[in-house]
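See below for the structure under consideration.
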Amino acid sequence: MKERVFSGMRPTGKLHLGHLIGALNNWVALQDAYECFYGIVDWHALTTEYAEVSQLRENVVEITLDWLAAGLDPGKSTLLIQSRVPNHAELHVLLSMITPIPWLERVPSYKEQQVQLSNKDLSTYGFLGYPLLQAADILVYRAKTVPVGEDQVAHVELTREVARRFNHLYGETFPEPRALLTPTPRLLGLDGRKMSKSYNNCIYLSDSPEEIRGKTRMMITDPARTHRSIPGNPDVCNVYDYHKVFTPAEKAREIDEGCRTAALGCVDCKGILAGNLIQLTQPIYEKRLTWEARRNEVMDILESGTSHAREVTEGVMRDVRHAMNVRYDD
Ligand code: TRP
Ligand code: SF4
C-alpha cells in the first residue's frame, strides 16, 4: 500500500517559475512512490477572490494545462476539482463544530494576508475558515503526507491539532498528517519584488523561449553597476539569485567571479541565465502547446479524477458520520 499524498493549488492564474520549483516539480517526483491526490482548490481561491469570479473557470483550465505540461500524469495521480467533491465541504462543516475560533485567528497568514491584501475585505467567515477548509481537504483523504512550502506549515499544524481533537472526541478516525517541505529558494520577480501576477513580473510556464529571453533581458541587476567596466556585486543582484537556483554551482561560481572582476558583463550574464531557464521550461512549453490543442479534453480528465476522489472520500466520510453519529441509513 502506497502512502497517500494530498496537496492543492488555488486557480488564480497561469503558473510561474516559483510554482514550478516551489511545488510542481516535487509533486511530479512523488507520483510513483505515493498515491497522490492533487486538487484545484477553487473554493480556496474564492476566499480572497470572491469579488472577481469571472476568470474562475478559465483559470481552472489553465492551471490544469500547466500541471499536465509540467508532468503531472492523470494515469498516475488523481487530479480533481475541490468544489466537485462536496465531501470536502461536508467535512469542513463538521470540523467547524469542534474548532475554536482562536485557533483560526492565531494562524499567522490570517492577519498577514489581511494586511497584505488590504484592498480586499477579508473580514469574512470564509477567509477565517481558510485553514480549516484546507484541513478538511487533507483529512477527507486521510492523507498522511502533504507536500507544501514553508508558508503552509502552520496550516498543516492546525490540521494535526484538529485531527487530534476529533480523534479525542469521537475515537481514532484520522491520521495526523505531516508536511513534506519543498525546499523553496525564494524567487523574486523580474523587478526584485515578490513574484506575483499583479506586479507583472513573472516568468510563466507558458512563456515561449523568446518571451523568456526578453523578460530576462529586462531584469534589474546590481544597481551600482551602472557601466560595463564597473565590477558588480552578485550578492545584491536579482539575476544572480536566479543563477543560484537555475545554474549549476560551478558555473555560478565562475559568474560570481566574472561579475566581481568585471570580466563578465550583465548582458552576457543574463544570456547565460536565459539559456538555462529555457532549457528547463522548453519541454514544458512544448508539452503545453500539445495540451492546448487538446484543451477540450481537460474537463474530462478532471471529471474522471474527481469521480475517483468522490469514491475515496465517501469511504472516509462514512466513518466520520459514524463517529459523530450523524447517520440515518440503518
Ligand atoms: N493553502 C494552499 C496554498 O495556498 C493551497 C491548499 C488548499 C492546500 N488546500 C490544501 C495545500 C491542502 C495542501 C493541502 O498553497
Ligand atoms: Fe548581476 Fe550578472 Fe550583472 Fe553581476 S554580471 S551585476 S550577477 S547581472
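In listed order, ligands and their atoms are each counted from 1. The model shown is predicted, which means the values in this text are computed figures rather than measured ones.
Here salt bridge (Lys or Arg N to Asp or Glu O under 4.0 Å) pairs that include residues 221-239, with residues two or more places apart or in two chains, are Asp235-Arg260.
Protein N/O/S atoms found under 2.8 Å from atom 4 (Fe) of ligand 2: Cys259 SG.
Contacts of Asp151 with ligand 1, taken as heavy-atom pairs under 4.0 Å, are absent altogether. Using a 4.0 Å cut-off between heavy atoms, Val146 contacts ligand 1 through its side chain alone, with no backbone atom that close. At a 4.0 Å heavy-atom cut-off, ligand 1 touches Val148 through the side chain alone.
With respect to the salt-bridge test (charged N to carboxylate O, under 4.0 angstrom), the residues Lys14 and Asp66 do not qualify. Glu58 and Arg295 are joined by a salt bridge, as a carboxylate oxygen and a charged side-chain nitrogen come within less than 4.0 angstrom of each other. Checked for salt-bridge contact, Lys197 and Glu62 miss the test: no charged N lies under 4.0 Å from a carboxylate O.
No donor-acceptor pair under 3.5 Å is formed between the side chain of Glu3 and the backbone N or O of Thr145. The main-chain N or O of Pro74 is never found under 3.5 Å from a side-chain atom of Ser77 such that the two would form a donor-acceptor pair. For the pair Thr78 (side chain) and Ala309 (backbone), a donor-acceptor distance under 3.5 Å is absent.
Residue Ser7 places no N or O, backbone or side chain, under 3.5 Å from any N or O of ligand 1. In terms of polar-atom proximity, defined here as any N/O pair under 3.5 Å, His155 makes no such contact with ligand 1.
Ligand 1 places these atoms under 4.0 Å from at least one heavy atom of Phe6: 12 (C), 14 (C). Every atom of ligand 1 is numbered from 1 in the order shown, and the set under 4.0 Å from a heavy atom of Ile138 is 12 (C), 14 (C). The contact set between ligand 1 and Val41, taken as ligand atoms under 4.0 Å from a residue heavy atom, comprises 7 (C), 9 (N).
Nearest non-hydrogen protein atom to atom 5 (C) of ligand 1 is Gly8 O, 3.5 Å. Here the protein heavy atom with the shortest distance to atom 2 (C) of ligand 1 is Gln152 OE1, 3.2 Å. Looking from atom 9 (N) of ligand 1 to the surrounding protein, the closest heavy atom is Asp137 OD2, 2.7 Å. Nearest protein heavy-atom contact of atom 10 (C) of ligand 1 is Gln134 CG, 3.3 Å. Counting only heavy atoms of the protein, atom 1 (N) of ligand 1 lies nearest to Tyr130 OH, 2.7 Å.
For the pair Leu139/Phe166, no side-chain contact is recorded, criterion being any heavy-atom separation below 4.5 Å from C-beta on.
A centroid separation of 6.0 Å or more is found between the aromatic rings of His155 and Tyr110.
The closest side-chain donor-acceptor pair between Thr173 and Asp319, if any, does not fall under 3.5 angstrom.
Applying the side-chain hydrogen bond (donor to acceptor under 3.5 Å, both in side chains) test between Tyr141 and each of Arg4, His88, Glu35 identifies His88 as the sole match.
Relative to the six-membered ring of Tyr199, Arg193 meets both conditions, a distance below 6.0 Å and an angle of at most 45° to the axis.
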